[in-house]
Each structure stands twice: as structure tokens, then as C-alpha cells.
Amino acid sequence: MIDKDRMPASVAIIMDGNGRWAAKRKLPRVMGHNAGMNALVEIVRHSSNIGIRHLTVYAFSTENWKRSSEEINGIFSLLVKFVDSKLEELDREHVRVRILGDYRKLPEKSVGRLERMMERTENNTGLQFNICLNYGARDEIRRAAAEIADLASRGEIRGEDVTEELLAAHLYTGKEAVPDPALLIRTSGEMRLSNFLLWQAAYSEMVFTDVLWPDFTPRELERCIEEYQHRDRRFGGR
Ligand code: IPE
Ligand code: IPE
Ligand code: MG
């Protein structure tokens, strides 16, 4: 059983394994992404119910452009379908959706839906659901450095003013007030970060599960939280 008094306030998930899920069933990869989207809907609902405050999911990385245009366009069409079919419910459940990453590089139609979803849920006070799209942690840190360099060149700050807090405030997560994830989950058995939240995950507890993302259920999320609750978080102390 999970301890409701010791919930991780901020949870991040690398939703991996959609392609392998489809391959196992001899289906096209896009069908795996479609199944993954259905799994995500259940996880958002459950996260909201069990009192997680921030759910941050990795949906499309800056490296995922290397995939076939068929797969990429399939993913972006699913985003449109997601907004068209789920925005009402998300709003009703008081979910606030934010997009992290350079999402404006996506096709116009997807960008329009994403902006509609953010505007519509802007003032909601329930779960903050952060979707990372065209997100890469190195790109995020590079952008923060560039913004800070501009401040310095205008004479607004000096090197000594560049604190960890200042840098963090210039990350996508800082702008959207997302706390560092207490728990970071990756599905599908891969044990790497793949350019996700490199700065923010400095002290995250990581849980890796072999379950492929489309098979990830609310029960499996609770199992990951249980594992997190058994960890001893020391933050370098003793
Ligand atoms: C994760 O599933 C979703 C995205 C990266 C968009 P994958 O598509 O990476 O699935 P596998 O790793 O090939 O099984
Ligand atoms: C990470 O998964 C990106 C997302 C889940 C969106 P990948 O499948 O792209 O990562 P690698 O290539 O296995 O490292
Ligand atoms: Mg993968």
C-alpha cells in the first residue's frame, strides 16, 4: 500500500517502449504510440486522484526527429487527437496543462491545439500536467545560458550573480514552476536518461520497470511509488 502522507509531489516519467509493444503484436509503431496515449490518460487521471501535484512526461525528445517522417507525423496527429478527445475531461478534473520544450517547431495544427489546451486550463488548480515536447535537457540548459548571457551583456547581472536558483529559473521547469521530480520513472527496461531533466534530476529517486509504456497501469504507478517510499533520501547528508 502507498502511504498517502508521503506522496512524491513531483513525478516525472520517461514513457518508453511503445515501438516494442507494437512490434510484439506485429502492428505499426504508430499503433504503439496510440496505445501509449491511452495508458497516459489513465495515469493522468490516477495521478490526480492520489494527490500528485506535478506529473511531467517525456513525449517527444529533440533527438526523436531522427525517426521516420511517418512515425513523427503519427505522433503529432495523436497529439491533436488527444486534445480533441480529452481537453473537456482534463479541464473538468481541474488539470492544468503546460508544455515544456520548443513545441512551436511542431506542425502548425499541433501547435494550435497545444496552445488551446494551455489557455483553456491556465487557471486550473489541480494536478499540473507537464508534457515535454521537442524537449532536450541540454537544449534547455543552453537556452538558459543564452538568456543569462543576454542579461550580462546588457549589464543587468555579473558573473557572481549567476546562482543555481537563477539558472534554474531560466529552465522550462523554472518558468512553469515545476519542482524537481522526487521520483523519476522509466519504463521498458532501459536505464538511461536520454537527455531528460538532466539538471532537475540531480537528486531524484529513479525507478526502472520492464513494463512497456502501453502496459503501464495505475497499479504499476503505485508499485513505483511504494518503491520510492522505501528509499532513504540523504541528499549528501548522513
Ligand atoms: C517511446 O516509445 C515514445 C517516444 C519516444 C515518442 P518508443 O517509440 O521509443 O518505443 P521503443 O523504445 O522503440 O520500444
Ligand atoms: C526517450 O526515449 C524519449 C521519450 C520517451 C520521448 P527514446 O526511445 O527516444 O530514447 P533512447 O533512444 O532509447 O535513448
Ligand atoms: Mg524508445
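Indexing begins at 1, ligand by ligand and atom by atom, following the structure's order. Values below: all heavy atoms of this structure, side chains included; hydrogens, waters and symmetry mates excluded.
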Asker: Indicate the atoms forming the closest heavy-atom contact of Met1 with Glu226, along with that distance.
Answerer: N-OE2, 3.5 Å
Asker: Do you know the tightest heavy-atom contact between Pro8 and Val11?
Answerer: CG-CG2, 3.7 Å
Asker: Any chance CD of Glu122 has more than 12 other-residue heavy atoms, nucleotides or ligands included, within less than 6.0 Å?
Answerer: yes
Asker: Once the angle between the rings of Tyr135 and Tyr172 is folded into 0 to 90°, is it parallel (under 30°), tilted (30 to 60°) or perpendicular (over 60°)?
Answerer: tilted
Asker: Which ligand 1 atoms does His33 reach within 4.0 Å, using its non-hydrogen atoms?
Answerer: 3 (C), 6 (C), 8 (O)
Asker: Ser194 and Tyr58: which non-hydrogen atoms are nearest, and at how many Å?
Answerer: O-OH, 2.9 Å
Asker: With a sphere of 6.0 Å drawn around CD of Glu63, does it hold more than 12 non-hydrogen atoms of other residues, nucleotides or ligands?
Answerer: yes
Asker: Of all the heavy-atom pairs spanning Pro218 and Ile43, show the shortest one and how long it is.
Answerer: N-CD1, 3.7 Å
Asker: What are the protein N/O/S atoms, named by residue and atom, that sit under 2.8 Å from the Mg ion (ligand 3)?
Answerer: Asp16 OD1
Asker: Over all heavy atoms of both residues, which pair between Thr125 and Arg53 is shortest? Give the atoms and the distance, please.
Answerer: O-NH2, 3.2 Å
Asker: Using every non-hydrogen atom in the two residues, find where Ile13 and Trp213 come nearest and quote the distance to one decimal.
Answerer: CG2-CZ3, 3.7 Å
Asker: Do any nitrogen or oxygen atoms of ligand 2 lie under 3.5 Å from a protein nitrogen or oxygen, and which ones?
Answerer:
from     : atom 1 : to     : atom 2 : distance (Å)
ligand 2 : 8 (O)  : Asp16  : OD1    : 3.2
ligand 2 : 8 (O)  : Arg67  : NH2    : 3.3
ligand 2 : 9 (O)  : Asn64  : ND2    : 3.0
ligand 2 : 9 (O)  : Arg67  : NH2    : 3.3
ligand 2 : 10 (O) : Arg186 : NH2    : 3.3
ligand 2 : 10 (O) : Ser194 : OG     : 3.4
ligand 2 : 13 (O) : Arg192 : NH2    : 2.8
ligand 2 : 14 (O) : Arg192 : NE     : 2.8
ligand 2 : 14 (O) : Ser194 : OG     : 2.6

Asker: Looking at Glu205 and Arg233, does any basic side-chain N land under 4.0 Å from a carboxylate oxygen?
Answerer: yes
